[in-house]
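Have a look at the structure below, then the notes.
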2 protein chains.
Amino acid sequence: MSSETVFPVRGLPIASVERETGLSKDTLRVWERRYGFPTPERDANGERLYAPAQVQRLLQIKRLMDRGHRPGKLLALDDAALQALDESRPEASGRPGAPPLDTWMQLVRTHDSDALQRALYREMVKRGLAGFVQDTVAPLIARVGEAWSRNELGIFEEHLFSQHLEKVFRTVLANLSPQQGSPRVLLTTLSGEEHTMGLLMVEALLVVEDVYPVLLGPQTPIDEIVRAAQLKQADAVCLSFSSAYSPALAAQGMRDLRQMLPAGIALWAGGYGVKAIRKPIDGVCLLPEFQDLYDCLARWRSEHGRQPA
Amino acid sequence: MSSETVFPVRGLPIASVERETGLSKDTLRVWERRYGFPTPERDANGERLYAPAQVQRLLQIKRLMDRGHRPGKLLALDDAALQALDESRPEASGRPGAPPLDTWMQLVRTHDSDALQRALYREMVKRGLAGFVQDTVAPLIARVGEAWSRNELGIFEEHLFSQHLEKVFRTVLANLSPQQGSPRVLLTTLSGEEHTMGLLMVEALLVVEDVYPVLLGPQTPIDEIVRAAQLKQADAVCLSFSSAYSPALAAQGMRDLRQMLPAGIALWAGGYGVKAIRKPIDGVCLLPEFQDLYDCLARWRSEHGRQPA
DNA sequence: TCAATCATTTGTCCTAGACAATGTATGGGT
DNA sequence: ACCCATACATTGTCTAGGACAAATGATTGA
């Protein structure tokens, strides 16, 4: 083995940047052409090599786009202006009675696994599952995501946090595991969406409402979703999209699925990713907020004449 | 919703085909150019529209490629030859004394969730965790993978199986959760490897050996693995590779990680993916079989003078 | 104030060429 | 018979700039 394996890469190739940022190769190239950013080096073969600092900045831009800013503006800004924008918090969405998020963030920051695990579990027991999901977990995930985009947290802390959260949900759900209930809802994500936390949160909310959930895990192709829904006699299919998923792809995927799914089976979609979808999709129920899930469920029940037990 | 669901799916756009098949847009275009397949229609705007039947065939080709066939051959074949190839079994690998795998496969095939869940849990209790992992779970995963590649099982059944397996492991591990133990082992995968089942199996094996595992979830960048190992004071980092991960990439990744990781922290690697790595890597302990994990652990303990409790 | 129209922004698709990485076959030496 | 190096074939990904439609913002009129 050659000992001169230099690790500090001069930059990441375009495919890695696509994977890291979620921005397509086409988008990266067209941004460079139109806005003059990013400005990757080239390797001996003329292929782009993105400096790590620029990848960080792309992540920051992506995050700000998710908050509603437009690419054209963001890409014209310099570092300082970008930083200023990033630090302007949208607003302290301190709902009254909400738990002190800063305390939680401190636990994440110090990666104190045991304390975090206990605290999460205690909070769930204290507030109840629904309140825990809406008032604690959802804001916390947002905060962790923001902190990560500001480089205040590393991937390590984010992963650790996710693992503990997942453990809490799995523990609770393992002891609830319903054998029946209605409607029967199939939970999954489309190919390319690998985040399962949204599915676990939705499963938790549904289980306490006496819904029978079928958790399929992430990344199911469309025709398999259709087959699964029929074989499991699902009344509805519920998809989850994270903010990383391209809204256009999500909309197209749901149109594809709606077309192949029997009309009797409802199609719901939740997660941060659907907030970016403005246009309603025919025959699809979009659930940008948790509350919408309850409304949607209630509507289904009234239409099908079934009441919760 | 209209009952006369017309099915004029003239075809899926290229982005949908990419999502469904996992073949990149570039690959789809270059196949069309080189091999004359697929042959998408064009919409009014000149954009490709793939017929559903061709998408199915692309999936079949993809499966055969995973079995080792080369695209150039497959794309030249007609439907019949492709089907014949698809149905040719590699061989039935039946170890004597193993549990009746066919019975298990039947449960997976019929997607009887409740029965499968109960059966898995019962088997774990009956055989013990280590025996369950080695003699039941590992062969079953292999069988399911094979069956999928022969198109006898769909993604749906595979996902459902994974979910139930994961549930069993999480349930068991939740009630074991150690607060101490030695060595301290960090469990994760490199970017691009998204399979977590291997990590859960290793965690299960380690926990009963009084090891303190830190589960980090999949896809951690190398510098974050290093940071995590230091902050969590890990004695070892254990990576998992599925067979889908390119052996060359895996080897390179481990060399990179070994270089950045303090010498005092061991590096282990398990999973089907390491079986394909022939050359030993300096300072890395390759564990192609489960037994190797025990050997490796015993060696670490003797070298560090610590015995299991 | 709201709705309709026009203008701009923005992501994705197109073509066709190039090349590196990987896999396979061939040759020569133990 | 085995192994290693070299030559050849295969295959995925990258490049370039042009084009266009869907989404968004601005402007006008009722």
Side-chain angles (χ1 to χ4, degrees), chain A residues 11-19 21-38 40-50 58 61-62 64-76 192 244-253 255 274-281, chain B residues 11-19 21-37 40-50 58 61-62 64-76 192 245-252 276-279:
Chain A
L12 299 174
I14 195 169
S16 299
V17 179
E18 175 179 38
R19 181 166 47 69
T21 64
L23 299 164
S24 78
K25 294 192 245 287
D26 274 328
T27 300
L28 288 168
R29 284 192 278 256
V30 89
W31 279 9
E32 181 182 340
R33 202 195 318 162
R34 282 186 191 148
Y35 311 113
F37 185 88
E41 303 287 313
R42 299 298 178 123
D43 68 3
N45 193 30
E47 301 188 353
R48 292 172 175 79
L49 283 182
Y50 293 82
L58 286 170
I61 288 171
K62 183 90 193 307
L64 286 167
M65 281 171 58
D66 290 343
R67 280 203 231 162
H69 297 277
R70 302 200 64 178
K73 310 282 181 188
L74 295 173
L75 286 158
Y245 208 85
S246 144
L249 274 183
Q252 182 61 48
R255 277 191 293 268
V274 302
K275 291 190 183 177
I277 301 175
R278 305 294 170 86
K279 231 188 199 174
I281 302 171
Chain B
L12 299 176
I14 194 169
S16 297
V17 178
E18 176 180 42
R19 170 170 48 70
T21 63
L23 299 164
S24 76
K25 295 192 244 287
D26 275 329
T27 300
L28 288 167
R29 291 194 197 103
V30 88
W31 278 9
E32 181 182 340
R33 203 197 310 168
R34 283 189 190 143
Y35 310 113
F37 184 86
E41 303 288 312
R42 298 296 177 124
D43 69 3
N45 194 30
E47 302 188 354
R48 290 171 174 79
L49 283 181
Y50 293 83
L58 286 170
I61 288 171
K62 183 91 191 308
L64 287 166
M65 280 171 58
D66 291 342
R67 276 206 240 164
H69 297 277
R70 302 201 63 179
K73 309 282 181 190
L74 295 172
L75 285 159
Y245 208 86
S246 144
L249 272 184
Q252 184 60 48
I277 300 177
R278 307 294 172 85
K279 258 188 199 166

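Given the structure is predicted, the values throughout are model-derived calculations rather than measurements. Chain letters run A, B, ... following the sequence lines, proteins first and then strands; every chain starts at 1.
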For this session: Counting heavy atoms from C-beta on, name the nucleotide in C:dT12, C:dC13, C:dC19 closest to the side chain of A:N45.
Result: C:dC19

Exercise. For A:E18 and A:S24, which heavy atoms make the closest approach, and how far apart are they?
Worked result: OE2-CA, 3.7 Å

For this session: Round to the nearest Å and state the distance from B:D26 atom CG to C:dG17 atom P.
Result: 15 Å

Exercise. What is the distance, rounded to the nearest whole Å, between atom CD of B:E32 and atom C1' of C:dT15?
Worked result: 11 Å

Exercise. Under 4.0 Å between a Lys/Arg side-chain N and an Asp/Glu carboxylate O for B:E32 and B:R48?
Worked result: yes

Problem set entry | d(CD, B:E41; P, C:dC14) in whole Å | 14 Å

Exercise. Is any side-chain nitrogen or oxygen of A:R34 closer than 4.0 Å to OP1 or OP2 of C:dT9?
Worked result: no

Report, one pair per line, the protein and nucleotides 5-7 of chain C atoms (nitrogen or oxygen only) whose separation is under 3.5 Å.
none

For this session: Check whether any side-chain heavy atom of B:L49 sits under 4.5 Å from a side-chain heavy atom of B:I14, and report yes or no.
Result: no

Problem set entry | Pairwise side-chain contact, A:V30 with A:Y35, heavy-atom cut-off 4.5 Å (strictly under) | no

Exercise. B:E18 has an atom CD; how far is it from atom P of C:dC14, in whole Å?
Worked result: 11 Å

Problem set entry | Distance, rounded to the nearest Å, where B:K73 contributes NZ and C:dG23 contributes C1' | 12 Å

Exercise. Is A:T27 reaching over with its side chain to a backbone N or O of A:L23, donor-acceptor style, under 3.5 angstrom?
Worked result: no

Exercise. OH of A:Y245 versus C1' of C:dG11: gap in Å, rounded?
Worked result: 15 Å

Problem set entry | Along DNA chain D (nearest heavy atom to each residue), the more 5'-positioned of B:E47 and A:E47 | A:E47

Exercise. Between C:dT12 and B:K25, is there an OP1 or OP2 to side-chain N/O distance shorter than 4.0 Å?
Worked result: no

Problem set entry | DNA chain C: 5'-proximal contact among B:R48 and A:T27 (nearest heavy atom) | A:T27

Exercise. Are A:P247 and A:I277 close enough that some pair of their side-chain heavy atoms sits under 4.5 Å apart?
Worked result: yes

Exercise. A:L74 CG to C:dT9 P: how many Å, rounded?
Worked result: 14 Å

Exercise. For B:D43 and C:dC14, what is the distance between atoms CG and P respectively, to the nearest whole Å?
Worked result: 9 Å

Exercise. Can you pull the contact range of chain A along DNA chain D, 5' to 3', using atoms under 4.0 angstrom from its heavy atoms?
Worked result: D:dC14 to D:dG25

Problem set entry | Which atom of B:P71 lies closest to which atom of B:W31, heavy atoms considered | CB-CZ2, 4.1 Å

Exercise. Hey, is the side chain of B:R33 pairing donor to acceptor with the base of C:dG17 inside 3.5 Å?
Worked result: yes

For this session: Could you say whether A:R70 or B:V30 is positioned toward the 5' end of DNA chain C, judged by the nucleotide with the nearest heavy atom to each?
Result: A:R70

Exercise. Can a side chain N or O of B:R42 be found less than 4.0 Å away from OP1 or OP2 on C:dT15?
Worked result: yes

Exercise. How about A:I61 and A:H69: do any of their side-chain heavy atoms sit closer than 4.5 Å?
Worked result: no

Exercise. If you take all heavy atoms of B:R19 and A:G253, which pair is closest and at what distance?
Worked result: NH2-CA, 3.5 Å

Problem set entry | Beyond-backbone contact of B:K25 with B:R29, side-chain heavy atoms, under 4.5 angstrom | yes

